[in-house]
Amino acid sequence: MSANQHITRSDRPLPSTPSNASEVAADKRFGIVDCNNFYASCERMFAPHLIGKPVVVLSNNDGCIIARSNEAKALGIGMGMAYFKSKQLLKKHDVAVFSSNYALYGDLSNRVMTVLATFAPRIEVYSIDEAFLDFQGFDRWDLDRYGREICDTTQQWTGIPVSIGFGATKTLAKLANRLSKKTPGMDGVFDFSSCENPDALLSTVAVGDIWGVGRRWADRLQKEGVNTAFDLQQCDPAMIKQRFNVVLARTVQELRGVSCIELEEVQADRQQVLCSRSFGVRVTDFKDMRHSVTHFMTRAAEKLRKQNLLANVLSVHVSTSPFDDNNEYYSNSCTSRLVAPTNDSRELIRLAQRLLKSIYVAGHSYQRAGVMLSDLVSQRNLQQDLFNQDDGVERSDALMTVLDTINSQMGNGTLSFAGEGFGGGWRMKQLLRSPRYTTRVSDLKTVS
DNA sequence: TCTGGGGTCCTAGGACCC
DNA sequence: TCTGGGGTCCTAGGACCC
């Protein structure tokens, strides 16, 4: 780290173990398992001829590239690259291209998580392709060997290759996981605590590659001479808290081996539910816009009911493309509170349509729209309305249950609201989606 | 022609209350 | 002339994650 006036090193000696280590029964130890190139691996599961070949998966609406196999990465295909800009390159190297197929990825993710849960007393499913495992008390275990067993078993039972990192904190485990994939010879398993010269290793990691340090902060830190994970670890947390914020200060502590971010086994209730999409083609007609917003509202209400939640607040937003230089950018949203919390699609649709009317301005070519539900409350401890004595709520529940049951048993969209319209160019493009191999009987793979 | 979607946490500042 | 202090709630915006 170069000398500078702003960032001062802490004079305190770095703790080799958490300072309160004597008070806890055993040192904390976290593992993070991460599925390698998850979406691409899922596609390969049912297309084994693609093993060893470059594969990419596109975002919703076939907009940009969001997952790449190692072979695709090696060709210089960047994450987030616009699909239309990379078509030539993809074609030239005969890259297999898929639209995203979340039904498939979600199902395979569940299988992976089920396997992982058998290897540790506690598991936190952190994202569709990652899970933290609790290995507190595993001090005497050969984690390197155990890690290899976890990877081998998961791959064998689910077909998805994974890698694992161990560390005294979540941040160090993430870092170990990253190193396990980047360092030849580690082969997807690395225990940071077993490292003989951690300072040297931390010096090889760019500050922006640390979990919790995004682009903005990486830029700011680098301007002040903090370039590597080692540099950041040497910073005084109090100074970081003052000059950046408490979140980054925690990251500094975590890099020092002081665990600040706990394992969260049970998922907290959601605070908001969103449904928002880009359109397959620009929308210039109010009727199409109303169809799309009604459709998004229907999906959001389904999500709400699936989690037994009710919403108090609804907002609707619309916008034109920020990339369109020829037309004026327009973006607007409108928020409203419901009279009483609800998850009834009909009521939410009615309000959403009203809100849409207030922000829709004719003459624009709209690129996206969406709805957001917030101030969510659990259906179980709903405050009863003293003045509403009719049986509306029960009837609404019954109707929504019927709707959801039919759609879940007979396929999404079996029953839909007239307001959603039929077809419509605004529905997203998914021209290259693979079959829903594991969640639809009609899409089952056949062997001839 | 064509640029994803869905979340979280934290902070600052204003309104309002006693 | 003089114009408190402490607290909560809400919102917008900025940062991050996958």
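A, B, ... follow the sequence lines: proteins, then strands. Residue 1 opens every chain.
B/dG5 atom C1' lies 9 Å from atom CD1 of A/Ile66, rounded to whole Å. Separating the CE atom of A/Met81 from the P atom of B/dC2 is a distance of 19 Å, rounded to the nearest angstrom. As a whole-Å value, the separation of A/Gln367 CD from B/dG5 C1' is 12 Å. At whole-Å resolution of the value, CG in A/Asp62 and C1' in B/dG4 are 11 Å apart. Rounded to whole Å, atom C1' of B/dG5 lies 15 Å from atom CG of A/Asp129. The OH-P distance, from A/Tyr366 to B/dC2, rounds to 17 Å in whole Å. To the nearest angstrom, P of B/dT3 lies 8 Å from CZ of A/Phe323. As rounded to whole Å, 12 Å separates atom C1' of B/dG5 from atom CE of A/Met79.
For the pair A/Lys28 and A/Glu262, the salt-bridge criterion is met [side-chain N within less than 4.0 Å of a carboxylate O]. Look at A/Glu124 and A/Lys170 and you find a salt bridge, because one of the NZ, NE, NH1 or NH2 atoms lies within 4.0 Å of a carboxylate O, short of that distance. Using a cutoff of 4.0 Å between basic side-chain nitrogens and carboxylate oxygens, A/Lys181 and A/Asp34 are scored as salt-bridged.
Checked options A/Thr183, A/Leu143, A/Leu201; the residue passing with A/Phe190 is A/Leu201 (criterion: side chain to side chain contact (heavy atoms under 4.5 Å, CB included)).
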Strictly under 3.5 Å: I want the nitrogen or oxygen pairs between protein and nucleotides 13-17 of chain B, one per line.
none

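Within the 4.0 angstrom heavy-atom criterion, only backbone atoms of the sugar-phosphate kind lie near A/Arg282; the bases stay farther away. Here A/Lys85 lies in heavy-atom contact (under 4.0 Å) with a base. A/Val281 comes within contact range of no nucleotide atom at all, as no heavy-atom separation falls under 4.0 Å. A/Tyr83 comes within contact range of no nucleotide atom at all, as no heavy-atom separation falls under 4.0 Å.
Annotation: A/Tyr102 is in aromatic contact with A/Tyr39 [ring centroid separation under 6.0 Å]. Side-chain rings of A/Trp211 and A/Phe30 stay apart, their centers remaining 6.0 Å or farther from each other.
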For residues 269-283 of chain A, please give each side-chain donor-acceptor pair under 3.5 Å, one per line with the distance, not counting sequence neighbours.
unit_1	atom_1	unit_2	atom_2	d
A/Arg270	NE	A/Gln307	OE1	3.4
A/Ser276	OG	A/Arg368	NH2	2.5
A/Ser278	OG	A/Arg368	NH1	3.3

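Considering only residues two or more places apart in sequence or on other chains, A/Asn312 meets the side chain to side chain contact (heavy atoms under 4.5 Å, CB included) condition with A/Arg337, A/Pro341, A/Asp375, A/Val377. Contacts of A/Asp285 classified as salt bridge (Lys or Arg N to Asp or Glu O under 4.0 Å), with partners at least two apart in sequence or in another chain: none.
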Audit row: A/Ser100, A/Arg433, side-chain hydrogen bond (donor to acceptor under 3.5 Å, both in side chains) steps and yes/no:
CA-CA 6 Å; A/Ser100 34; A/Arg433 205 194 58 222; over 6 Å; no
Under the criterion side-chain hydrogen bond (donor to acceptor under 3.5 Å, both in side chains), I'd like the reasoning laid out for A/Ser69 against A/Asn37: C-alpha separation, chi angles, the key distance, then a yes or no.
CA-CA 6 Å; A/Ser69 71; A/Asn37 315 319; 5.9 Å; no
Spell out protein contact along nucleotides 6-11 of chain B as letters: B when the base is contacted, S when just the sugar-phosphate is, - when no protein heavy atom is under 4.0 Å; keep the 5' to 3' order.
SSBSSS
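Atom CD1 of A/Ile164 is separated from atom CZ of A/Arg148 by 10.5 Å, given to the nearest 0.5 angstrom.
Look at the C1' atom in both C/dG4 and B/dC17: the space between them is 14 Å, to the nearest Å.
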What dot-bracket string describes DNA chain B from 5' to 3', counting Watson-Crick and G-U wobble pairs whose defining distances are under 3.5 Å, with [ ] for crossing pairs and | for pairs to another strand?
....||||||||||||||
